[in-house]
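Here's the structure, in structure tokens; my notes come after.
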Amino acid sequence: MLSPQTFKTVREAGVVPNAAYLLEVDNVRKAFPGVVALDDVNLRVRRGSVHALMGENGAGKSTLMKIIAGVYQPDTGTIRLKGNEIKILTPLDALEAGIAMIHQELNLMPYMTVAENIWIRREPLRFGFVDHGEMNRRTAELFERLAIDIDPSSEVRDHSVANRQMIEIAKAVSYESDVLIMDEPTSALTNKEVDHLFRIIGDLKAQGKGIVYITHKMNELFTIADEVSIFRDGRYIATHASKDITRDQVISAMVGREITQMFPKEEAQIGEVVLSVKNLSLAGVFRDVSFELRKGEILGLAGLVGSGRTNVAETIFGVTPATGGEIRLDGQRITIGSPRDGMKAGMALLTEDRKDTGCFLSLSVLENMQMAVLTDRYVAAGFVQQGKIDVECGKMKDAMRVKTPDLHERIENLSGGNQQKVLIGRWLMTNPKILILDEPTRGIDVGAKAEIHRLISRLAGQGVAVIMISSELPEVLGMSDRIVVMHEGRVTGILDRAEADQVSIMQLAAA
Amino acid sequence: MEPLTNTIAAAERKSGRNRRLPTEFGILAVLIGIALLFEALGWTLRGQSFLGNEQRLLVMILQVSVVGLIAIGVTQVIITGGIDLSSGSVLAVSAMVAASLAQEPGYARAVFPSLSGLPFIVPALCGMAIGAIAGLINGSLIAITAIPPFIATLGMMVTARSVAQVYTRGQPISMLAENYTWIGSGAVPVVIFLVTAVIFHIALRYTRYGKFTYAIGANPQAARVSGINVNRHIMLVYTIAGVLSGLAGLVTSARAQSGQASMGLGYELDAIAAAVIGGVSLSGGAGRITGTVIGTLILGVMTSGFTFIGVDAYFQGIVKGIIIVAAVVADQYRQRRRRKA
């Protein structure tokens with residue numbers, strides 16, 4: 001067995017034999033106290049290929065990647081790079097051996113420049129001092145190669161999440177690694193940026209690199225992956241060439257059961273106009289947004305990241321009060337200056353970022369679920385009616401099928417899908433008439449996704465008016481009665497369910 | 001995607017460990033351990049019991065009651081994700097103002113000769129009102145101007161100390177009336193400390209005020225989106241902390257039977273230390289009054305114990321400092337172990 005340092009020397013000397021596979025993981029097992037996270041798992045990645053990993057949340061994909069990237073140590077099993085068995089003890093070992101990982105959580109330092117972030121620990125020096133000129137030049141060179149248009153000397157905090165993702169990718173590429181691990185790299189990217197990323201991946205493939213690609217998105221699998229390995233409950237299920245397998249086969253292998261329909265849209269009685277927005281504006285962000293929302297209707301809000309769709313939702317709810325235009329509720333003009341006003345008007349907003357603006361991570365499931373309704377009900381003389389609210393939360397937990405040992409579990413110990421269900425539960429407890437959902441299924445597994453879709457449909461059937469924002473076009477198309485499309489802060493079109501398809505939406509979104 | 005945390009939850013389910021002991025048990029064990037250590041040292045070095053002396057135990061708690069009162073307020077501030085550095089100085093201003101209104105009737109050199117002999121309620125309310133005003137200013141600065149709590153309360157700490165000095169040009173205020181000094185006599189401060197602790201323990205655990213305090217500390221944006229008036233709540237929490245500093249000022253001046261501008265110097269740090277030892281997380285969203293009370297008692301036992309076994313007061317800070325850091329290290333370790341298993 002070679003140490004990563006020795007391997008690095010060997011690699012640099014260029015004498016590494018050409019093994020059939022770039023990366024071979026055999027019989028890896030990893031147990032955490034009381035539970036086996038990975039059981040006898042294998043993975044083989046060929047040169048110049050994209051190998052997708054699929055599985056529901058909790059299937060063990062991320063654990064496996066963290067083992068390969070040196071974040072965790074396996075209990076048993078071997079990892080071979082180009083035929084040599086190596087032992088990876090730390091993330092640094094992995095990098096030295098030629099494995100770079102782009103983490104799902106962005107790991108950039110906001111107050112440092114783009115170039116400083118990319119070359120951290122490898123800064124070009126001049127007389128012992130960091131040579132910023134050289135560093136920026138190298139970064140510009142790297143960006144040119146990857147066709148990324150970002151100023152190397154700008155600070156990371158000034159960039160959008162999408163740009164940061166591209167910076168992360170550039171950073172990983174800059175290590176000139178043989179194996180690149182990407183953990184849901186497109187979850188924050190718009191379609192245009194996804195295409196860009198895929199071009200970069202294509203180039204890397206052509207250079208003979210191996211890319212391990214974790215994703216929840218089926219269409220990506222068929223667009224860029226050469227092979228796919230499927231995991232379920234910590235076990236390796238199968239590997240297929242992506243051209244030999246269908247979408248339904250992948251899904252059923254992932255969940256171990258057949259999912260017949262992804263978007264179970266139920267017919268709902270569409271009633272009178274509940275909310276109407278006219279010439280709504282937020283200075284510098286969006287302007288002249290007008291649409292109507294009816295009882296029982298699901299209104300999709302589509303657009304690229306940065307088109308202002310999230311801002312529109314936040315403005316209607318009161319997070320960022322409007323600077324112009326009007327909002328009418330049941331025909332009455334109302335002023336909404338804070339989320340509290342939005343709630344009083346019968347609205348609820350599931351925010352885009354679960355971690356940033358949704359969960360109270362250090363608090364329990366119960367506390368997370370009850371926080372919004374407490375502003376209004378279940379309080380007598382300042383005291384929380386704990387018994388009453390516990391019962392209600394218990395019912396909501398069962399109705400939402402939240403998987404947790406008990407309501408006192410901290411929410412941070414739940415999977416993304418279950419966290420999302422708790423947050424939706426938080427809003428349903430307030431009995432909203434208008435439910436605004438911003439990316440309700442981002443980053444959650446297929447099973448939970450289908451459950452959330454079914455729930456949204458059912459709520460609409462009960463007369464709740466729903467606004468749903470989503471970056472996934474199939475989701476918008478599958479769920480919505482009408483679709484408002486935005487581009488650069490303006491509404492470019494409103495499409496009926498019948499006339500909307502991916503092409504018509506993209507034409508308006510990119511107009 | 002958090003497969004790991006899933007697996008941990010599953011592990012805990014299997015081993016039946018999900019009913020965790022409250023974190024306070026660990027700190028309580030430390031408190032008992034330290035007390036028993038001094039008990040053993042007492043028998044070895046001095047041939048007498050440390051704990052078997054009611055008088056000593058009373059003095060021990062008496063000495064930390066004032067810091068404890070402040071710590072109860074600071075705990076709530078820290079739970080919202082903030083910090084309050086001004087409590088020691090606010091204590092001094094409250095002590096000065098209250099003392100100046102509580103001097104013996106007919107005392108010729110009183111600050112306000114015409115205002116001597118007032119009923120107890122007047123200096124008491126004025127002292128606490130001063131605290132409330134200082135706290136409200138802290139809270140408003142933090143909520144409205146969005147400056148960091150550290151800066152806002154640092155400003156208040158410096159300013160309030162100066163106000164306390166300006167008030168009588170540095171002269172102490174003495175000859176306090178008996179209808180005022182009762183609040184600092186005997187075991188009264190201990191009772192005030194413990195009653196206040198119970199009130200805020202209940203407030204944090206069972207009222208909406210408490211739920212919102214934790215919510216704001218855990219995630220202020222999520223709290224705002226959930227319809228909580230975050231700014232108003234922050235002002236309220238800092239005001240409560242101010243009132244408790246004011247109450248501490250009353251007790252301090254009554255116990256000393258005088259008002260001095262240097263009162264409460266450094267108490268804010270002792271109070272923060274008590275909270276931190278008690279497991280209150282400086283990142284907000286976690287912590288309990290029971291922990292803070294135990295943390296306060298640990299400080300008391302150490303001070304009293306060192307004096308008892310005859311360790312020079314100059315050395316005490318060294319051990320205290322180590323304990324504070326050790327408490328946080330232990331807490332971090334415990335959290336990491338729970339997360340990563």
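Every chain is numbered from 1 and lettered A, B, ... according to where its sequence line falls, protein lines coming before strand lines. It should be emphasised that the depicted structure is a prediction, and the values quoted were computed from it without experimental measurement.
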Please answer whether the main-chain N or O of A:Leu374 pairs with a side-chain N or O of B:Arg208 as donor and acceptor at a distance below 3.5 Å. yes

Under 4.5 Å from any heavy atom of chain B, what part of [X] do you find: side chain, backbone, both or neither?
X: A:Asp341; value: neither
X: A:Asn368; value: neither
X: A:Phe317; value: side chain
X: A:Glu314; value: neither
X: A:Thr351; value: side chain

So which of B:Gly210, B:Ala218, B:Ala215 has the largest heavy-atom pair count under 4.5 angstrom toward chain A? B:Ala215

For [X] and [Y], work out which heavy atoms get closest and say how close.
X: A:Val384; Y: B:Thr207; result: CG2-C, 3.5 Å
X: B:Gly284; Y: A:Ser362; result: O-OG, 4.4 Å
X: B:Ser226; Y: A:Phe360; result: OG-CZ, 4.1 Å
X: A:Gly358; Y: B:Ala222; result: O-CB, 3.2 Å

At a 4.5 Å cut-off on heavy atoms, which part of B:Ala223 comes close to chain A: side chain, backbone, both, or neither? both

Validation row: [X], [Y] side chains within 4.5 angstrom (heavy atoms):
X: A:Arg340; Y: B:Asn229; value: no
X: A:Val319; Y: B:Val225; value: yes
X: A:Thr357; Y: B:Asn219; value: no
X: B:Arg205; Y: A:Gln386; value: no

Output for pair (B:Lys211 NZ, A:Leu366 CG), nearest 0.5 Å, gives 6.5 Å

Euclidean distance, A:Met371 CE relative to B:Tyr214 OH, rounded to 0.5 Å: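 So the OH of B:Tyr214 and the CE of A:Met371 are separated by 10.5 Å.
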
